Engineer: 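My questions all concern the structure below.
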2 protein chains.
Amino acid sequence: MTKNTANIIYSDVTEQTSRFAKALGHPVRLAILKYLSNQSCCFTGDLVDVIPLAQSTISQHLKELKNAGLIVGEIELPKIKYCIHQENWNRAKRLFETLFNEDFSNISCC
Amino acid sequence: MTKNTANIIYSDVTEQTSRFAKALGHPVRLAILKYLSNQSCCFTGDLVDVIPLAQSTISQHLKELKNAGLIVGEIELPKIKYCIHQENWNRAKRLFETLFNEDFSNISCC
DNA sequence: TTAATAAATCGTATAATTACGATACAAAAT
DNA sequence: ATTTTGTATCGTAATTATACGATTTATTAA
């Protein structure tokens with residue numbers, strides 16, 4: 001029953017969905033996105049006041065959201081303005097819609 | 001600028017959304033859910049044939065999906081039948097709808 | 001020029017995740 | 001009674017994530 005770690009290839013949809021989901025998989029990052037959505041953009045400085053974590057930790061979470069493509073940082077010195085990445089956000093929205101519309105409600109055995 | 005690790009309290013919605021997102025944040029788990037959705041329920045045995053990972057690894061992923069509440073395992077000896085947890089799946093669906101309907105498209109600065 | 005501010009990055013510690021093989025266990029088949 | 005089958009769990013290794021304080025960098029304000 002030995003199975004290789006074989007670099008499994010997933011569909012782009014699966015890859016991308018899981019990448020987004022992973023980025024959304026931490027309450028601090030959801031809080032950041034929520035905060036961003038309530039501002040018409042915001043600065044990381046604000047986040048440090050709002051979220052009781054070290055600045056470096058928040059910066060790290062911002063980086064992950066950036067890497068996942070969910071936010072972008074525009075330099076607007078002396079601050080960096082973080083915004084939702086509209087296009088990718090909409091993409092994520094569609095991907096999750098697709099995921100949840102694989103309607104499971106017709107499953108009979110449960 | 002010292003911040004405590006202070007056990008931050010998040011809203012139930014944030015907690016629950018991040019928990020679901022985390023569970024969805026791995027391609028294998030998405031593949032499992034997809035496979036489950038295409039059967040009218042399935043057995044872990046099938047999954048081992050379909051996904052090139054060790055049985056123990058798949059079992060571990062099933063456990064995480066179970067812990068997140070996204071699937072349930074019904075004993076139907078000699079196998080265990082895994083199914084989507086309808087109620088929680090719908091809950092997840094609603095939570096992600098809520099998340100993505102915090103409409104960010106009115107943000108002007110990006 | 002110097003100090004202050006915003007943010008990133010570095011180094012590090014700890015914890016969680018992912019994967020494996022081996023083992024255990026319960027029920028079914030032989 | 002023994003073997004087979006499906007599944008979980010254990011032990012372990014490697015990787016990734018989370019968090020911190022300290023440092024660095026760039027720019028603005030004094």
Side-chain angles (χ1 to χ4, degrees), chain A residues 1-8 10 14-15 18-32 35-36 39 41-68 71-83, chain B residues 1-8 10 14-15 18-32 35-36 39 41-68 71-83:
Chain A
M1 207 183 270
T2 307
K3 293 276 183 174
N4 287 348
T5 312
N7 278 354
I8 307 172
Y10 302 98
T14 300
E15 273 296 350
S18 69
R19 216 187 307 275
F20 283 140
K22 194 176 182 187
L24 298 174
H26 192 290
V28 163
R29 291 195 287 270
L30 290 183
I32 289 174
Y35 192 74
L36 280 183
Q39 316 300 309
C41 282
C42 87
F43 305 121
T44 300
D46 296 333
L47 292 171
V48 176
D49 296 338
V50 167
I51 299 170
L53 289 173
Q55 180 263 325
S56 57
T57 302
I58 292 172
S59 190
Q60 221 171 254
H61 282 298
L62 286 169
K63 195 179 177 183
E64 287 201 45
L65 288 170
K66 238 189 304 176
N67 288 344
I71 64 173
V72 278
E74 287 179 45
I75 293 169
E76 198 168 86
L77 294 163
K79 302 185 178 183
I80 293 191
K81 190 166 62 180
Y82 279 108
C83 309
Chain B
M1 207 183 270
T2 308
K3 293 276 180 172
N4 286 350
T5 311
N7 278 355
I8 308 171
Y10 303 99
T14 299
E15 274 296 350
S18 69
R19 216 187 306 276
F20 282 140
K22 195 176 183 186
L24 297 174
H26 193 290
V28 163
R29 291 195 287 272
L30 290 183
I32 289 173
Y35 192 74
L36 281 183
Q39 316 301 306
C41 282
C42 89
F43 306 120
T44 300
D46 296 333
L47 292 171
V48 175
D49 296 338
V50 168
I51 298 169
L53 289 173
Q55 179 264 325
S56 57
T57 304
I58 293 172
S59 189
Q60 220 172 255
H61 282 298
L62 286 169
K63 194 178 176 183
E64 287 201 44
L65 288 170
K66 238 188 304 175
N67 288 343
I71 64 173
V72 278
E74 289 178 44
I75 293 170
E76 197 168 89
L77 293 164
K79 301 185 177 182
I80 293 190
K81 190 167 62 179
Y82 279 108
C83 308

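Values reported hereafter were calculated over all heavy atoms of this structure, with side chains retained and with hydrogens, waters and symmetry mates removed. All chains are named by letter (A, B, ...) in the order of the sequence lines, taking the proteins before the strands, and each is independently numbered beginning at 1. Everything quoted here is computed from the prediction, not taken from an experiment.
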Engineer: Using every non-hydrogen atom in the two residues, find where B:L65 and B:A23 come nearest and quote the distance to one decimal.
Structural biologist: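 Between these two residues, the closest heavy atoms are CD2-O, 4.1 Å.
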Engineer: Applying side-chain hydrogen bond (donor to acceptor under 3.5 Å, both in side chains), name anything that partners B:K66, two or more places apart in sequence or on another chain.
Structural biologist: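 side-chain hydrogen bond (donor to acceptor under 3.5 Å, both in side chains) check on B:K66 returns B:Y82.
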Engineer: Round to a whole Å and report the spacing from CG of B:L62 to P of D:dG6.
Structural biologist: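 Value for this atom pair: 15 Å.
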Engineer: How long is the line joining CG of B:L65 and P of D:dT7, in whole Å?
Structural biologist: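 Interatomic distance, CG of B:L65 to P of D:dT7: 15 Å.
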Engineer: When rounded to the nearest 0.5 angstrom, what is the spacing between OG in B:S18 and NZ in B:K22?
Structural biologist: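 Here the rounded value is 8.0 Å.
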Engineer: Each nucleotide N or O in nucleotides 13-17 of chain C that has a protein N or O under 3.5 Å away: list the pair and distance.
Structural biologist:
from   : atom 1 : to    : atom 2 : distance (Å)
C:dT17 : OP1    : B:K22 : NZ     : 2.5

Engineer: Are any of the side-chain heavy atoms of B:V48 and B:L53 separated by less than 4.5 Å?
Structural biologist: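 The answer is no, as the side chains (C-beta and beyond) never meet within the 4.5 Å cut-off.
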Engineer: Counting only side-chain nitrogens and oxygens, does A:Y82 get under 4.0 Å of the OP1 or OP2 atom of C:dA6?
Structural biologist: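 No, because none of the side-chain N or O atoms of A:Y82 sits under 4.0 Å from OP1 or OP2 of C:dA6.
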Engineer: How many whole angstroms separate atom CD1 of A:I51 from atom C1' of C:dA7?
Structural biologist: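 Distance check: A:I51 CD1 to C:dA7 C1' gives 15 Å.
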Engineer: Roughly, in whole Å, what's the span from CD1 in B:I32 to C1' in D:dT7?
Structural biologist: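 The distance from CD1 of B:I32 to C1' of D:dT7 comes to 14 Å, rounded to the nearest Å.
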Engineer: Taking CD1 from A:I80 and P from C:dA7, how many angstroms apart are they, rounded to a whole number?
Structural biologist: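 Atom-to-atom, A:I80 to C:dA7, this comes out as 7 Å.
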Engineer: What nucleotide among D:dT7, D:dT9, C:dT9 has an atom nearest to a side-chain atom of A:S59?
Structural biologist: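 My answer, after comparing the listed nucleotides, is C:dT9.
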Engineer: Tell me, do B:L62 and B:I80 make a side-chain contact under 4.5 Å, heavy atoms counted?
Structural biologist: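 The answer is no, as the side chains (C-beta and beyond) never meet within the 4.5 Å cut-off.
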Engineer: Under the side chain to side chain contact (heavy atoms under 4.5 Å, CB included) rule, collect the residues that match up with A:H61, sequence neighbours excluded.
Structural biologist: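 With sequence neighbours excluded, A:H61 shows a side chain to side chain contact (heavy atoms under 4.5 Å, CB included) to A:H26, A:V28, A:R29, A:I32, A:T57, given in chain and number order.
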Engineer: At their closest point, which heavy atom of B:P52 faces which heavy atom of A:I8, and how far apart are they?
Structural biologist: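 Heavy atoms of B:P52 and A:I8 come nearest at CG-CG1, 3.6 Å.
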Engineer: How close or far is atom C1' of D:dT24 from atom CD of A:Q55, stated in whole angstroms?
Structural biologist: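 It works out to 12 Å between those atoms.
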Engineer: When you measure from the side-chain N and O atoms of B:K66 to the phosphate of D:dA8, is any distance below 4.0 Å, counting only OP1 and OP2?
Structural biologist: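 For D:dA8, OP1 or OP2 has a side-chain N or O of B:K66 closer than 4.0 Å.
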Engineer: When you measure from the side-chain N and O atoms of B:H61 to the phosphate of C:dA19, is any distance below 4.0 Å, counting only OP1 and OP2?
Structural biologist: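 The answer is yes; a side-chain N or O of B:H61 sits under 4.0 Å from OP1 or OP2.
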Engineer: Reckon B:K63 has a side-chain N or O less than 4.0 Å from the OP1 or OP2 of D:dT7?
Structural biologist: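 No, because none of the side-chain N or O atoms of B:K63 sits under 4.0 Å from OP1 or OP2 of D:dT7.
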Engineer: Among C:dC20, D:dG21, D:dA8, which nucleotide has an atom closest to any side-chain atom of B:T57?
Structural biologist: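 It is C:dC20.
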Engineer: From D:dC10, D:dG21, C:dA8, pick the nucleotide closest to the side chain of B:S56?
Structural biologist: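 So the side chain of B:S56 is nearest to D:dC10.
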